[in-house]
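Encoded as structure tokens, the structure appears first; notes follow it.
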Amino acid sequence: MSIEYEEQLAGSLVDSFPKDFGYGVDNMDMMQENLENSPSADNKPRILLMGLRRSGKSSIQKVVFHKMSPNETLFLESTNKICKDDISGSSFVNFHIWDFPGQVDFFDPTFDYEMIFRGTGALIFVIDAQDDYVEALGRLHLTVSRAFRVNPEINFEVFIHKVDGLSDDHKIETQRDIHQRANDDLADASLEKLHLSFYLTSIYDHSIFEAFSKVVQKLIPQLPTLENLLNIFISNSGIEKAFLFDVVSKIYIATDSSPVDMQSYELCCDMIDVVIDVSCIYGLKDDGNGNAYDKESLAIIKLNNTTVLYLKEVTKFLALVCILREESFERKGLIDYNFHCFRKAIHEVFEVSSSTQRTGVAVQSSPPSSSGNGLARLKSAALNGTPRSLV
Ligand SMILES: Nc1nc2c(ncn2[C@@H]2O[C@H](COP(=O)(O)OP(=O)(O)OP(=O)(O)O)[C@@H](O)[C@H]2O)c(=O)[nH]1
């Protein structure tokens, strides 16, 4: 594709937006504050972390959302009451995460499980793969069947956790066995409609972030829109892979539709760490004020294998991280220009959602235009994908 042609496409991206499109990050933040102060703010969807004692629930929460290093989790005390963690102040992930103490007694009259499950978006059940998991499977069945009866809309996610201690063959065999037994139990109880998703996880590598990314993505109603926008952006900019990251948690909330390979994801996670670390050390004011991540955040890292990593701020919480070849990076002006359009589109998507949430009116989904140049496709993309319940 020639540069001229790409520039034409880039032009069409920008033309697709109204000329008075004038809000920026500050307005987005204001909107988020308004939302949080609204009466429905307390009703943020929940992600529940459940499982037997010492299965690793608190460790997962601390490592993913609070930057605790995996080794420090060795000293975590056992949780003895439900811990509610509202991470929406620091993260795009606008949910409450509830960490349950090991054994939840469904027969305890003070435990209002109906109320808890009614407002739940995802239930993550953590199974310690290094331990005998027969008891955990029994508990999993009891928990998900109760929850499903109260709220069949919940996404049921099973983390087969602590797999760092297992060989590759053992991992696959454990996953197959747990999958089989859990689904047999459901079939015996005539609960075939209850769908369980399985993930192999460990806090000692990126698998826990990748699994959490997938859990969170299922709860983001704008996901198809974000994927469309990323696809258009990378194909017009000569980029190989792009992730939209929640900077604090390193969860990727969307990526383009090419397959994700773990190595690329890890590379992008590492880049975020480097940028934030350098920024914390050298980017803050002398008195320690300022933010390690702000509107100016931008980083380019050239690797010795002709790969370039490119990170840029999208919103207060989100960053775009891209992987591209050195020769594509020669057209940096074009990439910057398309990024500018992409960023505007992202802001528009979330403005549509937040105004919809405020008024309580669901936006009609419209099928993407097949005739699509960048313009038409982006416009339909901004509408497509918003009708599910809003985050
Ligand atoms: N090897 C390994 N150990 C882990 C992993 N995740 C957690 N652990 C360890 O498992 C132990 C228990 O972790 P916790 O997070 O306290 O478990 P919990 O499920 O919250 O326990 P309760 O609060 O008692 O319900 C800690 O010593 C962690 O260091 C993992 O991925 N791999």
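Just so you know, ligand 1 is whichever comes first in the structure, and atom 1 is the first atom listed for that ligand. Numbering of residues begins at 1 and proceeds along the displayed sequence.
- Under 3.5 Å, the side chains of D246 and Y252 contain no donor-acceptor pair of N or O atoms.
- Not a single N or O atom of T201, backbone or side chain, sits closer than 3.5 Å to an N or O atom of ligand 1.
- Side chain of K57 to backbone of G51: a donor-acceptor contact under 3.5 angstrom is found.
- For ligand 1 and S202, the ligand atoms under 4.0 Å from any heavy atom of the residue are 31 (O).
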Walk me through it: do K62 and E72 pass the test salt bridge (charged side-chain N to carboxylate O under 4.0 Å, His left out)?
CA-CA 10 Å; K62 297 283 181 203; E72 281 176 71; over 6 Å; no
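- Applying the 4.0 Å criterion to heavy atoms of L74 picks out, from ligand 1, the atoms 27 (O), 29 (O).
- For ligand 1, one of its N or O atoms has an N or O atom of I203 under 3.5 Å away.
- Under 4.0 Å is where a charged nitrogen must lie from a carboxylate oxygen, and between K241 and D256 at least one such pair does.
- Taking a cut-off of under 4.0 Å to the non-hydrogen atoms of Q130, the atoms of ligand 1 that pass are 1 (N).
- At under 3.5 Å, a nitrogen or oxygen of T73, whether backbone or side chain, sits near a nitrogen or oxygen of ligand 1.
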Stepwise salt bridge (charged side-chain N to carboxylate O under 4.0 Å, His left out) test for K218 and E157:
CA-CA 11 Å; K218 288 190 196 167; E157 321 280 3; 3.2 Å; yes
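- Of all the heavy atoms of K62, none lies under 4.0 Å from any atom of ligand 1, so neither backbone nor side chain is involved.
- Counting heavy atoms only, S59 comes closest to atom 14 (P) of ligand 1 of the residues S59, A129, P70.
- Partners of F209 by ring-ring contact (aromatic ring centres under 6.0 Å, His included), not counting sequence neighbours: none found.
- Under a 4.0 angstrom heavy-atom cut-off, G51 registers as lying outside contact with ligand 1.
- Applying the 4.0 Å criterion to heavy atoms of D164 picks out, from ligand 1, the atoms 1 (N), 2 (C), 30 (C), 31 (O), 32 (N).
- No N or O atom of Y204 sits closer than 3.5 Å to an N or O atom of ligand 1.
- Any N or O atom pair closer than 3.5 Å counts here, and F100 shares no such pair with ligand 1.
- You'll find the side chain of I323 stays beyond 4.5 Å of the side chain of Y310, heavy atoms only.
- Every residue two or more places apart in sequence or in another chain that forms a ring-ring contact (aromatic ring centres under 6.0 Å, His included) with H179 is listed here: F198.
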